[in-house]
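Read through the structure below, which is laid out as structure tokens, and then see the notes.
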Amino acid sequence: MNEASLQSAFPWLTVLVFLPLVGAVFVCLVKETAVRWTALAATVADLLVALPVWFQFDPAVPGMQFTEHVSWIASPPISYRLGVDGISLPLVLMTALLMPLCVLASWQAIETRVRSFMAVMLVMEAAMLGVFVALDFVLFYIFWEAMLIPMYLLIGVWGGPNRLYAAIKFFLYTLAGSVLLLVAIIVLYFQGGHTFDILALARRSYDASLQAWLFLAFFAAFAVKVPMFPFHTWLPDAHVEAPTAGSVILASVLLKMGAYGFLRFSLPMLPDATATFTPLMIALSITAIIYGAYMALAQTDLKKLIAYSSVSHMGFVTLGIFVLNHQGIEGAVLQMVNHGITTGALFLCVGAVYERTHSRMIADNVGLAGPMPRYATLLVIFALSSLGLPGTNSFVGEFLVLVGAFLWNKIAAGLAALGVILAAVYVLWMVQRVAFGVPADRHTSRLADLNPRETAAFVPLVALVFWIGIFPSPLLTRMHASVNELVERAETRDQGPEARGNRNDDSEPHDTALLLAPRLASHARESHP
């Protein structure tokens with residue numbers, strides 16, 4: 001495949017990444033009364049740019065599409081290189097979709113420093129999109145680090161009473177992992193042929209001992225972001241103190257960065273180490289599934305409950321990634337999108353009721369179905385999606401992950417399935433009290449139901465819950481070619497060195513985020529028949 005054939009005449013990805021920055025500039029220039037509308041217009045415009053990328057994407061092509069490549073720095077060779085494949089495309093569209101909803105959710109919730117808040121949100125959007133489309137390691141790292149500052153500000157400036165503690169804890173955890181990520185990038189540069197090209201580095205072979213150290217460095221950065229157990233302790237504090245939009249961005253997008261890193265770097269570049277550490281990763285994932293669900297059962301704060309449920313749900317994502325088969329990886333990518341939709345919607349639900357009662361405690365938000373029937377209906381829909389009810393989006397992703405886990409090891413699949421049962425317990429317990437419980441006092445009877453602006457923020461998410469749950473084919477079809485490329489390459493390489501020798505390493509490959517070496521696939525089959 002010639003990469004030039006995958007390029008677009010129009011720089012869609014550049015516009016997609018930098019349009020929010022242009023919007024941030026306009027937010028700083030317009031009158032105070034126009035700040036919110038300007039931010040909304042910028043995020044909606046960015047969504048409109050993302051839609052052609054989605055519809056023009058060729059599902060039959062497993063490699064990068066809409067590629068852009070401009071030499072940036074000659075020595076060392078650093079390039080401005082962008083592209084999307086079937087793995088990054090759904091995450092790009094999800095990010096572009098959620099940002100206008102975050103602006104709508106912040107319309108009245110943010111009353112101080114509105115101009116700065118909206119500018120920070122737009123800078124955050126640019127950095128997040130950049131992470132998903134960057135194909136040069138230095139460019140990727142710039143976007144990766146650029147996310148820290150806006151998120152720190154969202155929590156530290158517009159957060160709750162303990163915002164500084166939560167913001168500093170978030171910053172230190174993620175920065176520590178990022179330092180090791182930088183070390184790994186530098187080592188790969190010298191060991192991979194003095195290049196920062198992510199696709200080229202994925203084609204190189206590395207010594208097994210070096211792979212192990214690089215895997216641990218990547219793990220330090222990505223496990224904190226997911227967050228995997230036991231690196232999750234920053235997450236509940238960050239969620240509780242962050243404003244509603246910050247919680248949505250954190251749960252829906254930032255947590256996916258770690259899982260995306262495993263797919264983009266750890267699996268294709270470090271196959272031997274991935275095979276070696278797979279049992280550990282599976283064990284940590286199952287622990288996160290059960291532990292997160294168990295902790296959610298004990299919460300009396302709505303935000304903390306949803307935060308710990310995220311630990312459990314993201315455990316399904318990492319489980320799907322490291323079972324190393326077609327069903328598990330597709331389920332993991334789909335579950336990243338599903339979690340972004342459902343958990344983001346649940347945080348919007350918490351934000352809506354917090355604006356009315358000024359409390360996140362379950363005991364203070366009981367029996368809302370009477371005064372707020374529209375709100376209660378939406379809460380039930382998203383709660384049922386969170387527990388994986390058939391017909392909703394989360395069921396499809398969790399089912400594929402469990403199928404993949406079953407093919408890897410039946411006991412692992414059985415333990416992971418306990419998370420589904422526990423999710424039903426804590427989710428239904430929460431809904432029973434918040435929507436249908438009997439309040440201790442009658443102050444909730446005077447609460448106003450969702451207004452048109454709030455309802456508009458929920459409608460796209462409701463549509464996606466049922467669309468993906470009933471008709472997931474458009475999402476699965478776009479990622480299917482990338483996974484097929486993984487399977488085909490594994491089968492070809494298993495034929496022996498002669499088959500591998502026929503491949504021209506200088507030609508442009510069918511690069512995907514799931515390009516695994518043959519030993520990884522054979523390890524999964526031989527060790528776990």
Side-chain angles (χ1 to χ4, degrees), residues 47 50-55 57 59 84-102 132 248-249 251-253 255-256 259-260 263 306 309-310 312-321 326-349 377-405 419-420 423-424 427 455-483 513:
L47 174 59
L51 290 176
V53 176
W54 172 264
F55 287 110
F57 186 86
V84 291
D85 64 357
I87 304 303
S88 55
L89 179 65
L91 301 175
V92 167
L93 187 65
M94 179 188 69
T95 303
L97 173 67
L98 287 171
M99 292 308 295
L101 308 185
C102 290
F132 290 131
V248 173
I249 294 172
S252 299
V253 185
L255 301 192
K256 311 307 179 295
Y260 177 76
L263 287 170
I306 300 170
S309 76
S310 293
S312 181
H313 289 309
M314 290 304 295
F316 278 101
V317 172
T318 52
L319 175 65
I321 291 172
H326 185 107
Q327 294 87 348
I329 295 173
E330 280 198 356
V333 177
L334 183 59
Q335 194 61 12
M336 282 194 273
V337 177
N338 292 336
H339 179 264
I341 294 168
T342 300
T343 305
L346 287 174
F347 276 118
L348 289 177
C349 287
T377 301
L378 293 171
L379 179 66
V380 169
I381 291 173
F382 296 128
L384 294 178
S385 170
S386 181
L387 62 85
L389 183 74
T392 62
N393 56 338
S394 297
F395 171 77
V396 183
E398 288 185 358
F399 177 79
L400 287 173
V401 169
L402 289 175
V403 169
V420 179
V427 167
T455 304
F458 285 110
V459 168
L461 300 177
V462 173
L464 287 171
V465 164
F466 292 110
W467 175 58
I468 298 175
I470 297 172
F471 188 58
S473 179
L475 275 170
L476 294 174
T477 300
R478 281 167 172 77
M479 68 180 75
H480 196 65
S482 297
V483 180

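G344 approaches S252 most closely through the heavy-atom pair CA-OG, 3.3 Å. Looking at every heavy atom in both residues, A332 comes nearest to V401 through N-CG2, 3.7 Å. Residues L319 and A405 approach most closely at CD2-CB, 4.1 Å, considering heavy atoms. Looking at every heavy atom in both residues, C102 comes nearest to V248 through SG-CG1, 3.6 Å. Of all the heavy atoms in W54 and P90, the pair that sits closest is CZ3-CA, 4.3 Å. Taking all atoms of both residues into account, the shortest heavy-atom contact from L461 to I341 is O-CG2, 3.9 Å.
In this structure, H480 NE2 and L475 CG are separated by 14.0 Å, a value rounded to the nearest 0.5 Å. One finds the NZ atom of K256 at 13.0 Å from the CG atom of L263 (value rounded to the nearest 0.5 Å). Interatomic distance, H339 NE2 to M94 CE, rounded to the nearest 0.5 Å: 9.5 Å. Here the CG-OG distance, from L389 to S394, works out to 10.0 Å after rounding to the nearest 0.5 Å. Taking CD1 of I468 as the start and OG1 of T392 as the end, the distance is 10.0 Å to the nearest 0.5 Å. Taking CD1 from I381 and CZ from F458, the interatomic distance works out to 10.5 Å, rounded to the nearest 0.5 Å.
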Residue pair L334, L476: steps toward the side chain to side chain contact (heavy atoms under 4.5 Å, CB included) verdict: CA-CA 7 Å; L334 183 59; L476 294 174; 4.0 Å; yes
Side chain to side chain contact (heavy atoms under 4.5 Å, CB included) assessment of E398 paired with V420: CA-CA 9 Å; E398 288 185 358; V420 179; 3.7 Å; yes
Go through it in stages, so that I can follow the logic: the residues are V317 and I321, the test is side chain to side chain contact (heavy atoms under 4.5 Å, CB included), and I'd like the CA-CA distance, side-chain angles, deciding distance and then a yes or no. CA-CA 6 Å; V317 172; I321 291 172; 4.1 Å; yes
Derivation and outcome, side chain to side chain contact (heavy atoms under 4.5 Å, CB included), residues F132 and V253: CA-CA 10 Å; F132 290 131; V253 185; 4.0 Å; yes
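Among residues at least two apart or in separate chains, side-chain hydrogen bond (donor to acceptor under 3.5 Å, both in side chains) pairs with a member in residues 87-97 are D85-S88.
Side-chain contact between V337 and L91 is present, with at least one heavy-atom pair separated by less than 4.5 Å. W467 places a side-chain heavy atom less than 4.5 Å from the side chain of P474. Taking the side chain as every heavy atom from C-beta outward, I249 and L98 never approach each other to under 4.5 Å.
Proximity of a side-chain donor or acceptor of S309 to a complementary backbone N or O of I306 within less than 3.5 Å is detected. In this structure a side-chain-to-backbone donor-acceptor pair under 3.5 Å is missing from N393 to G469. The closest donor-acceptor contact from the side chain of R478 to the backbone of I87 lies at 3.5 Å or more, if one exists at all. Looking at T343, its side chain never comes within 3.5 Å of a backbone N or O of G340 through a donor-acceptor pair.
Residues that satisfy the ring-ring contact (aromatic ring centres under 6.0 Å, His included) test with F316, not counting sequence neighbours, are absent from this structure. Applying the ring-ring contact (aromatic ring centres under 6.0 Å, His included) criterion to F57, with sequence neighbours excluded, gives no partner residue.
Between the side chains of S386 and T342, not a single donor N or O lies within less than 3.5 Å of an accepting N or O.
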